[in-house]
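Before any comments, here is the structure.
All values below were derived from every heavy atom in this structure, side-chain atoms included, with hydrogens, water molecules and symmetry-related copies excluded. Numbered from 1 within each chain, the chains take letters A, B, ... in sequence-line order.
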Amino acid sequence: MADHVVTYRESVAEGIAREMRRDPSVVCLGEDIGAAGGVFKTTVGLFEEFGPERVWDTPISEQAIVGAAMGAAMTGMRPVAEIMFSDFLACCWDYLANEIPKVRYMTGGQVTVPLVIRTANGGGLGFGAQHSQAVENWVFTVPGLKIAAPSTPSDVVGLLASAIRSDDPVVFFEHKGLLAGKGAPAPDGHVVPFGEAAVRREGGDVTLVALASTVPLALAAADRLAAEGVAAEVLDLRTLIPLDVAAVLRSLERTSRLVVVEENPYQGGWGGTIVSVVADEGFELLDAPVKRVAGANVPLPFADALEDQVIPTVDKVADAVRSLATY
Amino acid sequence: MTETTAVTDLLALHETMAVIRRTEKAAHDLFMSGLVKGTTHLAAGHEAVAVGARAALRDGDYAFATYRGHHHAIAWGATPEECLAELMQRSTGLNKGKGGSMHLTKAATGMLGSYAIVGAHLPMAAGAAWSARLRGTDQVAVAFFGDGATNIGAFHEALNLAAVWRLPVLFVCENNFYMEYTPIGSVTAAEQPAAGRAPSYGLPAEVVDGNDVVAVRNAVARAAERARAGDGPTVLEARTYRHYGHSRTDPATYRPEGELERWLERDPLTVSSIRLRSAGTRDVEIQAAEDRAAAVVDAAVATARAGPPADLREAFTDVWADGGAAWRTTS
Ligand SMILES: Cc1ncc(C[n+]2csc(CCOP(=O)(O)OP(=O)(O)O)c2C)c(N)n1
Ligand SMILES: [Mg+2]
């Protein structure tokens, strides 16, 4: 059926299931992921299909979840660990900051850590300051971790395939605001390689660099801008590490203007790194200052109207682009 | 595993402990002379725990250690030469000069690393044990850790997870009665920092004489047998003492007068010598084993020292499994 669509949420379970079918060393662990199917219902059906020896419910022990996944990954398994909300990565931060990304390097390459940490990231659902953060920049500060953050259902499947098959540790951000979103299902055997940004919309006037939730946002802004005669190109990074800065620079060769749209805070957000690479290697390409539309440097407030004040919105993106059009 | 041991086995254990003792002395002397930089945490005094545990286990069983881990690396087959070369930042070092004293690792023999964030490796050991079970092997994993590590959350999360999943993992505490410069009793609610916590997780525990290599070996053998039989984890608390200070040049003046001397009377090598003699081993045989150990380590110092410095290219290898360090695309 040509118009068959699936949700982002279903695609998470589908992506994991595909890998579990092809590789018996893939196992899942996390809180409530088994018979309950996950707090976000992103593991529905896995327990039924693969049973308790491959889908493990854990105690509320973020350090034990991620630490055990690390030990298992070092000894022949490919664990897929779920940390329910990305905010809780702080509870096992030692493993992300000090253990998992370092062990291969500091042992001189003696071990590999092929694991995936999946986590529900980002705001827009009114969960307040401790359940709504976009924290991909936390992970982005640590050399030695790969980072994926899909924006479409089929990318969820394709990036999960790459993540689970990767011999490197991957932090996989599933955006809470996109879970109910629909899109074309992933074809059989779909694999999206890491480090390949996707051009979601072509345009010659300005490049909007986006990730996960900010991709639909940038596309909506591009629609609005098109009505004003501005052609925006929307680039979906898909992975932060490896970072496809070559794609950004290629796009700037056509557009000469850059707006980075990121949900994590402006202070320390990943857009700062994109912009610094562009300033260093793409200065000659630019006809205007670069803009970053990012989360504000405040904790996330609860009320919808307040949350809108501090996270990127279509209005803010469109305004940023308009401010560049004067150059 | 029987509780009696052939004399030749005991002599071999004694010799390995002597190799570790001599390596630690070499590390200390090299640090003092500036050839070892950064930091060291020496395990002189703790030898019987690592050597006794390894003797009770099989090839392929996993070990996870702390920054005080030279003894575990050597017990798991790392040579004094590769260890000392690592300490001296040589390219011939165990970790190619990228780990240092706190991260000695010999993955080929199952010694999966030394970790310098207190307690972090306990969940990893649980995970390695989980993996053994998932892969259907009968391997066990051991986490060695200090008394101080029993007060960090990861210890408790690991014990609980390992208990509810009945994992084949051994938690071996080397209780040397100090966490850095602080007596453990003054910061720990339980009288026995590791063994005293085990019952709350429904885990069996034993307090062991950590200076008696045979006692350690027998206790670890019992725990490993339980683990392989599917009966889950065990907590062992091996009481021991470190001869040097906590790290670097710490003179350990916080220890009460006479304490070190009392422990030196029960030095693991002394305890082992007494047992060997009572089993009929002659002093000359014991001396010969210790002389062999000294010769191995002295040669290791010379060779390690003469080795090439860390290869500068290694700064940008081994981040990723493809051997490289690329974090971005280039046009
Ligand atoms: C999480 C963490 N906190 C503090 C330290 C600093 N530190 C290093 S060793 C140590 C003492 C640990 O004592 P214990 O567990 O008894 O081991 P021992 O050094 O006696 O072998 C401390 C506090 C650390 N490395 N990691
Ligand atoms: Mg101690």
Side-chain angles (χ1 to χ4, degrees), chain A residues 24-25 27 29 53-54 56 58-77 79 91-92 94-95 97-99 101-114 143-144 146 166-168 195-197 241-247 249-250 273 277 281, chain B residues 62 64 86 93-100 102-108 110 112-113 115-117 119-135 137 139 141 153-154 156-158 160-162 164-165 167 314 317-323 325-331:
Chain A
S25 69
V27 287
L29 72 166
E53 281 298 299
R54 295 191 64 196
W56 291 67
T58 66
I60 308 166
S61 300
E62 278 72 16
Q63 298 188 68
I65 293 168
V66 173
M70 178 179 172
M74 290 164 70
T75 53
M77 301 304 293
C91 300
C92 52
D94 175 43
Y95 292 90
N98 294 318
E99 315 295 342
K102 312 270 195 290
V103 71
R104 179 174 172 77
Y105 187 85
M106 74 188 191
T107 62
Q110 292 186 56
V111 297
T112 53
V113 193
K146 293 194 168 164
S166 165
D167 287 333
D168 297 313
E196 284 188 17
I241 301 288
L243 186 63
D244 194 2
V245 281
L249 292 167
R250 269 198 312 276
T273 299
V277 172
E281 299 169 32
Chain B
Y62 298 119
F64 291 80
E86 182 64 23
L94 205 46
N95 306 27
K96 303 195 268 188
K98 293 155 86 162
M102 297 203 285
H103 301 301
L104 296 183
T105 301
K106 184 84 179 174
L112 292 182
Y115 298 85
I117 309 296
H121 59 303
L122 276 74
M124 296 176 209
W130 180 49
S131 156
R133 180 170 145 189
L134 292 168
R135 288 178 289 111
T137 75
Q139 293 162 290
H156 297 271
E157 291 195 13
N160 183 62
L161 185 82
V164 292
W165 287 5
L167 298 176
E314 290 292 349
T317 67
D318 298 329
V319 174
W320 308 123
D322 69 7
W327 62 277
R328 51 165 285 187
T329 56
T330 49
S331 29

Toward chain A, the part of [X] with a non-hydrogen atom under 4.5 Å:
{"X": "B/Ala154", "answer": "both"}
{"X": "B/Glu314", "answer": "backbone"}
{"X": "B/Trp130", "answer": "side chain"}

In terms of heavy-atom proximity below 4.5 Å to chain B, should [X] be classed as side chain, backbone, both, or neither?
{"X": "A/Val66", "value": "neither"}
{"X": "A/Lys146", "value": "both"}
{"X": "A/Glu281", "value": "side chain"}
{"X": "A/Val103", "value": "side chain"}
{"X": "A/Thr112", "value": "side chain"}
{"X": "A/Leu249", "value": "side chain"}
{"X": "A/Thr273", "value": "side chain"}
{"X": "A/Asp94", "value": "side chain"}
{"X": "A/Val277", "value": "side chain"}

Can you tell which of [options] has the highest number of heavy-atom pairs within less than 4.5 Å of chain B?
{"options": "A/Ser61, A/Pro59, A/Ser166", "answer": "A/Ser61"}
{"options": "A/Ile241, A/Asp168, A/Asp167, A/Asp244", "answer": "A/Asp168"}
{"options": "A/Met70, A/Lys102, A/Glu99", "answer": "A/Glu99"}
{"options": "A/Pro24, A/Pro242, A/Ala72", "answer": "A/Ala72"}

In terms of relative ring orientation, are B/His121 and B/Tyr115 parallel, tilted or perpendicular, with 30° and 60° separating the classes?
parallel

Provide the closest heavy-atom pair for [X] versus [Y] in the form atom of the first, atom of the second, distance.
{"X": "A/Pro114", "Y": "A/Ala73", "value": "CD-O, 3.1 Å"}
{"X": "A/Pro101", "Y": "A/Pro143", "value": "CB-O, 3.4 Å"}
{"X": "A/Pro79", "Y": "A/Ala69", "value": "CG-O, 3.2 Å"}

Main chain of [Y], side chain of [X]: is a donor-acceptor contact present, judged purely on distance under 3.5 Å?
{"X": "B/Asn95", "Y": "A/Met106", "value": "yes"}
{"X": "A/Arg104", "Y": "B/Trp320", "value": "yes"}
{"X": "B/Thr105", "Y": "B/His103", "value": "yes"}

Run the side chain to side chain contact (heavy atoms under 4.5 Å, CB included) check on A/Leu243 and B/Thr329 step by step: do they pass?
CA-CA 6 Å; A/Leu243 186 63; B/Thr329 56; over 6 Å; no

Minimum side-chain heavy-atom gap A/Ile65-A/Tyr95 below 4.5 Å
no

For chain A, find which of B/Phe64, B/Trp165, B/Tyr62 contributes the most heavy-atom pairs closer than 4.5 angstrom.
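Counting heavy-atom pairs under 4.5 Å, the top option is B/Trp165.
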
Who among B/Gly99, B/Ala120, B/Gly119 has the most heavy-atom pairs with chain A under 4.5 Å?
B/Ala120

What verdict does the side chain to side chain contact (heavy atoms under 4.5 Å, CB included) test give for A/Glu53 and B/Arg133, after you've listed the backbone C-alpha separation in whole Å, the side-chain angles of each residue and the deciding distance to 0.1 Å?
CA-CA 10 Å; A/Glu53 281 298 299; B/Arg133 180 170 145 189; 3.5 Å; yes

With a 3.5 Å cut-off and no angle check, do the side chains of B/Ser131 and A/Thr75 form a donor-acceptor pair?
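There is such a pair (donor and acceptor under 3.5 Å, judged by atom type) between the side chains of B/Ser131 and A/Thr75.
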
